[in-house]
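Sharing a structure, written as structure tokens. Questions coming.
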Amino acid sequence: MTSSKGYLMTPGPTPIPPAVEAAMALPVIYHRGAEFQEVLARVLARLRGVFRTSGDVVLFTASGSGAMESAVANLCSPGDPVLVVSAGNFGERWAQIARSYGLDVDHLRVPWGEAPDPDAVAERLAGRRSRVVYCTHSETSTGVVADVEAIAARARAAGALTVVDAISCLGAVPLEPDAWGIDVVVSGSQKALMTPPGLAFASVSEAARAAAAVATSPRFYLDWERALRSQVEARTPFTPAVSLVRGLDVALELLLADGLEAAWERSRLLGRACRAGVRAAGLELFSPDHDSSAVVTAIRVPDGVDGAAIVRSMRERSGVTAAGGQGELKGRIVRIGHIGYVDIDDVAAALDALELAFAEAGSAVERGVAARSARAAHDAAAARAGRPGS
Ligand SMILES: *Cc1c(COP(=O)(O)O)cnc(C)c1O
């Protein structure tokens, strides 16, 4: 049986606010007309606000990986030495892209579930000069949020540019590219930015733009310079996903209306609530039991229980779509996202579904306590922060 109301609780795509859906349902307009130019100009300005940068943010019609690829194609020439810092499935993607472009990749691999140590990054850079450091802010496959401020400081000290994959966390956790000296931040529309999949972004610092001017890797659709030359006139070089841009315009307006800090606080509190619920049910966390883990909570699946079956049962019995493990964590964890247009009621529904699925799989979980504990933790934290509980 499938419940009639669905809960999309993956760390991307995420649920869409009705006002964003309404904007996307408007008639499609000509992308070279004045009406669209007005929308695009506003979106580009709002993106700067969400990226916390006074520099440029390039917009692509692509999934997030397109923006990742652009940060390799534009910054590097074949054979360039780069450092990839990875601690999960998405960090591995940086290494795959960099190798595809023929770069000389030094790969600092951190065990999945751990956060990269900035001093280990400094050590690698001392041992071998790299032009660019590629790292991941929120490693969505594990729930770990890395200290990219410290990594960027080590990279800068070693004369390297820093590129950060913030696809799942931009708009959900604190990130200050200008203040922290991060050259490129890439993100996508479908996670904390409350818009369907299909748009990707890259913020480009002055130093990154200068590096792009001399980099010789082939690029056409993903060329930053071509995009930026169009964007100064509020145009795009190619036909953009017009309806998604209209939706994003409204989503960013919603996000910025309360201030980004409020959005960061929402995700932090939902993460705290979700962890409290998981613990109360007697389940074990895989992601860190720490406020930094504000994007996705990963729950360990005990030996002898099939994680994929838990995810399937949550969807079929309770209408909750959660995510399973990826790569080496396949079948071993269940992930519940709490970014974007998600509230404590959604988290409570996910926890109820999780308990039911584990109980039916024969695990010794206590029923009915997870959601209650999550609400209690959320209300207590919200009261301390001086805001209403829901
Ligand atoms: C979702 C995600 C991606 C991949 O983005 P796509 O839009 O699927 O290309 C990359 N990195 C991280 C950290 C993500 O969470």
Side-chain angles (χ1 to χ4, degrees), residues 8-16 47 51 58-73 84-98 100 109-110 112-116 133-148 151 162-173 175 177 182 184-203 221-222 240-241 244-245 247-248 251 267 271 286-288 292-298 321-329 333 335-340 342:
L8 182 56
M9 296 297 289
T10 66
T14 62
I16 308 301
L47 279 173
F51 273 79
V58 181
L59 178 145
F60 294 110
T61 291
S63 88
S65 301
M68 292 176 76
E69 180 159 347
S70 84
V72 172
V84 169
V85 181
S86 77
N89 201 48
F90 290 105
E92 290 291 324
R93 187 164 301 175
W94 276 132
Q96 289 170 340
I97 299 171
S100 301
R109 269 204 178 95
V110 176
W112 293 26
E114 291 180 18
V133 175
Y134 292 95
C135 62
T136 313
H137 193 191
S138 158
E139 179 46 79
T140 320
S141 65
T142 66
V144 172
V145 174
D147 183 355
V148 291
I151 291 173
T162 305
V163 176
V164 171
D165 169 358
I167 292 176
S168 65
C169 60
L170 184 82
V173 307
L175 177 58
I182 298 170
V184 177
V185 172
V186 298
S187 197
S189 52
Q190 80 274 29
K191 310 238 167 134
L193 301 186
M194 306 185 291
T195 304
L199 297 175
F201 324 102
S203 68
Y221 185 78
L222 296 175
L244 292 178
V245 174
L248 181 68
S267 289
F286 175 83
S287 50
S292 66
S293 184
V295 174
V296 55
T297 296
T321 302
Q326 299 173 305
E328 62 183 59
L329 292 172
I333 58 171
R335 293 176 300 145
I336 295 173
H338 29 77
I339 48 175
V342 166

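Both counts, for ligands and for their atoms, begin at 1 and track the order of listing.
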Suppose we measure from atom 1 (C) of ligand 1 to each protein heavy atom; which comes out shortest, and what is that distance?
Lys191 NZ, 1.3 Å
Are any of the N/O atoms in Gly66 less than 3.5 Å from those in ligand 1?
no
Can you tell me the protein heavy atom closest to atom 11 (N) of ligand 1 and the distance?
Asp165 OD2, 2.6 Å
Output for pair (Thr140 OG1, Phe90 CZ), nearest 0.5 Å, gives 5.0 Å
Can you tell which of Thr140, Val186, Thr136 gets a heavy atom nearest to atom 15 (O) of ligand 1?
Thr140
Are any of the heavy atoms in Ser138 under 4.0 Å away from ligand 1?
yes
Applying a heavy-atom cut-off of 4.0 Å, say which part of Pro197 lies close to ligand 1: side chain, backbone, both or neither.
neither
Looking at atom 4 (C) of ligand 1, what's its closest protein heavy atom, distance included?
Arg93 NH1, 3.3 Å
Tell me whether the rings of Tyr134 and Trp94 are parallel (<30°), tilted (30 to 60°) or perpendicular (>60°).
tilted
Would you call Leu244 and Pro196 a side-chain contact if the rule is heavy atoms closer than 4.5 Å?
yes
Heavy atom under 4.0 Å from ligand 1: found in Gln190's side chain, backbone, both, or neither?
side chain
Starting from atom 3 (C) of ligand 1, which protein heavy atom do you reach first, and at what distance in Å?
Phe90 CE2, 3.4 Å
